[in-house]
Amino acid sequence: MKETKIRNMEEFAAVSGISRPTVSKYFNDPASVRSSTRERIEKALSEYDYRPNIFAMNQNRKLTKNVGIVVPYLADPFFAEIARNVEKRCIAAGFRPTLFSAHGEPELEIEILDTLRSMKPAGVLLAPLGRASDVGAVEKFCADVPTVLFDSSMPDLGLAFVGSDNPQFARLAVEYLCRTGEPPCFFEMKTPANPNANRRRQGYLAAMEALGHEPVIFKAEGTGWDFEDIGYREGLRALSENRFPTNTVLCSNDRLAIGFLVACYELGLRVGHGPDCDIRVAGQDDHPFARFTCPPLTTVAQDYESVSRSAVDILFKSIEGGRVERQTLLFEGKLVMRDSA
């Protein structure tokens, strides 16, 4: 054993060459870290005279009935719907949920995590911004507070990730559209705010290749979360420039598709699958307003029920002291056929 006196977890992390959040995660549950990392930590423990003050750690984590729910953009009806589902489940279980929105801003997401840490919540359900998130800040938070990630994954962080099988969404839509008419072109944002868009593009490309069709992708200019405006403005441009070689367009999400439908209307294009129609349009998500567009939007529905139930169940199991093996749960979408395609 080395004579160096280690006074706290930060010093132990420094001498062992392992990040502070990972060390904290190990002391909370050794099985929650990779076996190779566990071996490195245990080797360092045998070399240095250090043991954490478990009593102090537990005192700092006095269980409250507070549960944090964090979404990237509450004005998006998809996140509003899933937050509503999660919130109701927390209340039914006797917890006090507090809902936060990062409004698409990485700095605000960090502030929310700091606020939650001061609240000493029993646990947190977090839909991170994704690529825009400060990974180090999220990692440290997940090491300090029991956290389940949903919608947007960050590998190896949190107790679990619960979300949708986004490539499957696009494959399902492509297979249906090819079976019932001309193969679809793909309409997406050039710089999407949500990383799930990239997985949907991958699903589109794979499905088109499998069916022997040439993929056509239109990348809409624009950033941020104003998807309807981007779908409308860039839809007008794409249609005016004849950028779609087929009469079918699959949008990366329903909000883009809603804006695209308005562009079709302004250009006098009849949307639908009948013989008198000019173009078919489909989306993905089953946005709460998708069935009220004109015409009603064909889409692939999120399994809101399964995502919210599974995320809450995993978090509550951890809160109640149950052992939780980190897992990834992905739920498939369901095709919803409406008049637009």
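Note that the coordinates shown come from a computational prediction; the quantities given were computed from them, not determined experimentally.
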For [Y], does its backbone N or O pair with a side-chain atom of [X] as donor and acceptor, under 3.5 Å?
{"X": "Asp254", "Y": "His287", "answer": "yes"}
{"X": "Ser240", "Y": "Arg237", "answer": "no"}
{"X": "Asp226", "Y": "Asp229", "answer": "no"}
{"X": "Tyr204", "Y": "Ser252", "answer": "no"}
{"X": "Thr248", "Y": "Glu182", "answer": "yes"}
{"X": "Thr299", "Y": "Ala301", "answer": "no"}
{"X": "Thr246", "Y": "Pro183", "answer": "yes"}
{"X": "Arg199", "Y": "Asp165", "answer": "no"}
{"X": "Ser310", "Y": "Val307", "answer": "no"}
{"X": "Ser36", "Y": "Arg34", "answer": "no"}

What's the spacing between [X] [atom1] and [Y] [atom2] if we round to 0.5 Å?
{"X": "Phe227", "Y": "Asn253", "atom1": "CZ", "atom2": "CG", "answer": "5.5 Å"}
{"X": "Leu261", "Y": "Leu269", "atom1": "CG", "atom2": "CG", "answer": "11.0 Å"}
{"X": "Arg255", "Y": "Met189", "atom1": "CZ", "atom2": "CE", "answer": "9.5 Å"}
{"X": "Leu297", "Y": "Cys251", "atom1": "CG", "atom2": "SG", "answer": "7.5 Å"}
{"X": "Ser308", "Y": "Asp313", "atom1": "OG", "atom2": "CG", "answer": "9.0 Å"}
{"X": "Ile314", "Y": "Leu125", "atom1": "CD1", "atom2": "CG", "answer": "9.5 Å"}

Should [X] and [Y] be regarded as members of a common hydrophobic cluster, given that ILVMFWY residues are connected when their side-chain heavy atoms come within less than 4.5 Å of each other, either directly or indirectly?
{"X": "Leu129", "Y": "Phe79", "answer": "no"}
{"X": "Leu236", "Y": "Val271", "answer": "yes"}
{"X": "Val148", "Y": "Tyr304", "answer": "yes"}
{"X": "Leu267", "Y": "Ile230", "answer": "yes"}
{"X": "Val336", "Y": "Val174", "answer": "no"}

I want to check something: taking the side chain as every heavy atom from C-beta on, are [X] and [Y] in contact at a cut-off of under 4.5 Å?
{"X": "Val71", "Y": "Ser101", "answer": "yes"}
{"X": "Val138", "Y": "Leu126", "answer": "yes"}
{"X": "Val312", "Y": "Val67", "answer": "no"}
{"X": "Leu157", "Y": "Phe141", "answer": "no"}
{"X": "Ile217", "Y": "Leu205", "answer": "yes"}
{"X": "Ser306", "Y": "Arg309", "answer": "yes"}
{"X": "Ser164", "Y": "Asn196", "answer": "no"}
{"X": "Glu109", "Y": "Ile112", "answer": "no"}

Test of understanding: with side-chain contact (heavy atoms from CB on, under 4.5 Å), list the residues that count as partners of Thr223, not counting sequence neighbours.
Thr191
Between the side chains of Asp151 and Asn194, is a donor N or O closer than 3.5 angstrom to an acceptor N or O?
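Yes, because at least one side-chain N or O of Asp151 sits under 3.5 Å from a partner of the opposite role on Asn194.
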Parallel, tilted or perpendicular: which fits the ring planes of Phe244 and Phe260, with parallel below 30° and perpendicular above 60°?
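Rings of Phe244 and Phe260: perpendicular, over 60°.
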For the pair Tyr73 and Trp225, name the ring-plane relationship: parallel under 30°, tilted 30 to 60°, perpendicular over 60°.
parallel
side-chain contact (heavy atoms from CB on, under 4.5 Å) for Leu250 and Leu177? Distances and angles first, verdict last.
CA-CA 9 Å; Leu250 172 62; Leu177 293 169; 4.2 Å; yes
Using the rule given for salt bridge (Lys or Arg N to Asp or Glu O under 4.0 Å), can you reason through Arg84 versus Glu87, listing the C-alpha separation, both sets of side-chain angles and the distance that settles it, and then say yes or no?
CA-CA 5 Å; Arg84 183 183 69 85; Glu87 195 173 31; over 6 Å; no
What pair of heavy atoms forms the shortest contact from [X] to [Y], and how long is it?
{"X": "Gly333", "Y": "Phe169", "answer": "N-CE1, 3.2 Å"}
{"X": "Ala170", "Y": "Gln284", "answer": "N-OE1, 3.3 Å"}
{"X": "Ala341", "Y": "Tyr176", "answer": "O-OH, 2.8 Å"}
{"X": "Met208", "Y": "Pro215", "answer": "CE-CA, 3.9 Å"}
{"X": "Ser152", "Y": "Gly130", "answer": "OG-CA, 3.5 Å"}
{"X": "Ile82", "Y": "Phe150", "answer": "CG2-CE1, 3.9 Å"}

As a quick check of understanding, evaluate side-chain contact (heavy atoms from CB on, under 4.5 Å) for Phe218 and Val249, giving each step before the final call.
CA-CA 10 Å; Phe218 180 86; Val249 176; over 6 Å; no
Working note: Val86 + Cys90, criterion side-chain contact (heavy atoms from CB on, under 4.5 Å); need CA distance, chi angles, decisive distance, verdict.
CA-CA 6 Å; Val86 168; Cys90 291; 4.2 Å; yes
Among pairs that include at least one residue of residues 275-291, which meet salt bridge (Lys or Arg N to Asp or Glu O under 4.0 Å), considering only residues two or more places apart or in two chains?
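Sorted result for residues 275-291: Arg200-Asp285, Arg270-Asp276, Asp286-Arg338.
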Step by step, work out the side-chain contact (heavy atoms from CB on, under 4.5 Å) result for Asn85 and Glu305.
CA-CA 7 Å; Asn85 275 270; Glu305 172 75 14; 4.2 Å; yes
Are there more than 12 heavy atoms of other residues, nucleotides or ligands under 6.0 Å from atom CD of Glu42?
yes
